[in-house]
Amino acid sequence: MKAQGIVIKIFPDDIKGSKHQKFTLKLKSGKSVLVIHNIDIAPKIYDLKVGDNIEFQGQYQWNSQGGMVHWTHHDPNNKHPIGWVKHKGRVYS
């Protein structure tokens, strides 16, 4: 999935197991999606704020809350397409 949205909520980093940065985006369609960005593999977005515009590419997985996007980074094992998050002109992969 490749799309863009506005940050509407930022969650504390998940530091159990692989570390992940989590935030919810409101897409142009009006739907929301949870982005789960692995910060053990890709850099963390330190200056992320509610209201920021984000572009991303990753693997979408539907759930009853609207869905989530993960694999927003390169795959060290080359089994998944390269994902990324773009914030303020910088690409995090």
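Hydrogens, waters and symmetry mates are skipped; everything else that's a heavy atom, side chains included, is used. Quick caveat: nothing in here was measured; it's all calculated off a predicted structure.
Sparse packing is recorded around NZ of K16, with 12 or fewer heavy atoms of other residues, nucleotides or ligands lying under 6.0 Å away.
V7 pairs with exactly one of T24, D52, I45, N53 by the side chain to side chain contact (heavy atoms under 4.5 Å, CB included) rule, that one being D52. Checking each of Q57, E55, K86 against V91 for a side chain to side chain contact (heavy atoms under 4.5 Å, CB included) leaves exactly one that passes, namely K86.
Interatomic distance, CD1 of I39 versus OH of Y92, reported as 12.0 Å (0.5 Å rounding). The line from CD1 of I54 to CG of L48 is 5.0 Å long, rounded to the nearest 0.5 Å. Distance check: I6 CD1 to K28 NZ gives 9.0 Å after rounding to the nearest 0.5 Å.
Judged by distance alone, the side chain of H74 and the main-chain N or O of S93 form a donor-acceptor pair under 3.5 Å. Panel note: side chain H87, backbone V85; no donor-acceptor pair is recorded below 3.5 Å. Side chain of N77 to backbone of K79: no donor-acceptor contact under 3.5 angstrom is found. Here the side chain of D40 pairs a donor or acceptor atom with the backbone of K19 at under 3.5 angstrom.
Hydrophobic clustering of Ile, Leu, Val, Met, Phe, Trp and Tyr side chains at less than 4.5 Å, counting indirect connections, unites V69 with I10. A continuous path of Ile, Leu, Val, Met, Phe, Trp and Tyr side chains, each step under 4.5 Å between heavy atoms, connects M1 with V35, placing both in one hydrophobic cluster. In the hydrophobic clustering of ILVMFWY residues, with side-chain heavy atoms under 4.5 Å counting as a link, W71 and F56 come out apart.
Counting heavy atoms from C-beta outward, K2 and Y60 have side chains that stay 4.5 Å or more apart. Counting only heavy atoms from C-beta outward, the side chains of K44 and D13 approach each other to under 4.5 Å. Counting only heavy atoms from C-beta outward, the side chains of M68 and W62 never approach each other to under 4.5 Å. Contact annotation: the side chain of Q59 approaches that of H80 to within less than 4.5 Å [non-hydrogen atoms, C-beta and beyond]. Within the 4.5 Å cutoff, side-chain heavy atoms of F11 are placed close to those of L34. At least one side-chain heavy atom of S32 sits under 4.5 Å from a side-chain heavy atom of I8.
For the 3.5 Å distance criterion, the side chains of N38 and H70 fail to qualify, holding no donor opposite an acceptor. Side-chain polar atoms of H37 and T72 form a donor-acceptor pair below 3.5 angstrom.
The two residues I36 and H20 come nearest to each other via the heavy atoms CG2-CD2, 3.4 Å.
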